[in-house]
Student: 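The structure that follows is given in the form of structure tokens.
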Amino acid sequence: MSEPDDNCDTSLAGDGRFEEALKRVSYEPGMLLGLEATRAEQDYFRRRATRHGYWLHGAGTVAGLRVSIRAEDPGNDTDNVRVRLVVSPGVGVDGLGREISVAEPYCVDLGAWLTAQHEDEELWGALIRDGYAVADNLLWLKVTMRYQDCASGLQPVLATEVNAGTDPVQPSRVADCVLFELVAERPDDVPADEHLFAAHSRIKAYGEIEAKLGERERAQVEAADGAARSQLELGARLLHSLGDDNQSLVARQAFLTDPAQLARTLLARIAIRLTPPAPEPDLIVNPRRIEVDNLVRPFLFNAAALARLIRA
């Protein structure tokens, strides 16, 4: 898939700082504005749209982005075959609320990627450690997506340092791009906590926050039933989902977790049957040994899709 370049992805760290108040430029006659002001202007509107996507829509797939494998069927499961992993065009939102639009298919040679990991003892050991399920003799991988800045349109600029080069250049545009990643992860290792807001702490169960409600509030919940009660309970959980101090909007484990990990949004899980079983599982790349689960991902349903579900 794509190669991460978080050094060039200048928006990644800022997009994960939800506790920061956004500031827009105040234009006044006679005010001298420089490069910082134009960047601040863009940053304000871009991050405002990102936060709208994060808090009001969530993370997941809107349409497309189907993960599939393409390979010739060898008629058995013992021969190594060239297998390509393909992500179809589509639209989604990553874990930090950033819109992703993919206009063309993306492809990686899964066999070549796995072989490269297998030939490196350290890399293969990490894959087995994080993704191998002994009971099923399966190597589990997940395909994730996240937004990434891509500098483009190099233009000549004036040198700002001595001996900076004969013809210094800088990118004149920043393109909205996508980063697909393959990560080893056993499904059983994924916490079952409910994260309605991907970069923040889990939403506590109603029983955990019931004692914090007032008598009138608890009475309203107890008097309701069915869907009405479920809606009131969810509302109560959301009221107490962020805490009450000045760290409430800080992304979970902000000082311990790479913002790139918070931005990753699941697209599919891939199960690869290895041979022979543990303690030293080996690799055969064969389509009959590989299964892809696309339905494990989160989906985002727009108003038209929800209306269709209601009419059905």
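The first residue of the sequence shown is numbered 1, and numbering continues consecutively from there.
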Student: Give a yes or no on whether a salt bridge exists between Glu233 and Arg237, defined as a side-chain N under 4.0 angstrom from a carboxylate O.
Tutor: no
Student: Verify whether one side chain among Asp149 and Tyr147 offers a donor that lies under 3.5 Å from an acceptor in the other.
Tutor: yes
Student: Below 6.0 angstrom between ring centroids: does that apply to Tyr54 and Phe18?
Tutor: yes
Student: Between Leu138 and Ala271, what is the shortest heavy-atom contact and its length?
Tutor: CD1-CB, 4.2 Å
Student: Holding to side chain to side chain contact (heavy atoms under 4.5 Å, CB included), I want the full list of residues that pass it with Gln220, two or more places apart in sequence or in another chain.
Tutor: Arg216
Student: Would one find more than 12 heavy atoms of other residues, nucleotides or ligands at under 6.0 Å from atom CD of Glu19?
Tutor: yes
Student: So which heavy atom on Ile203 is nearest to which on Ser241, and how close?
Tutor: CD1-CB, 3.5 Å
Student: Hey, is Arg264 close enough to Glu185 for a salt bridge, meaning N to O under 4.0 Å?
Tutor: no
Student: Are any of the side-chain nitrogens in Arg273 or Glu291 under 4.0 Å away from the carboxylate oxygens of its partner?
Tutor: no
Student: Using a strict cut-off of less than 4.0 Å between a Lys/Arg side-chain nitrogen and an Asp/Glu carboxylate oxygen, indicate whether Asp15 and Arg46 qualify as a salt bridge.
Tutor: yes
Student: Under the salt bridge (Lys or Arg N to Asp or Glu O under 4.0 Å) rule, what pairs show up with a residue in residues 113-122, not counting sequence neighbours?
Tutor: none
Student: Restricting to salt bridge (Lys or Arg N to Asp or Glu O under 4.0 Å), what partner residues turn up for Arg288, sequence neighbours left out?
Tutor: Asp73
Student: I'd like to know if Arg98 and Asp94 make a salt bridge, using a cut-off of under 4.0 Å between side-chain N and carboxylate O.
Tutor: yes
Student: Indicate whether the side chain of His118 and that of Asp282 have a donor and an acceptor atom separated by less than 3.5 Å.
Tutor: yes
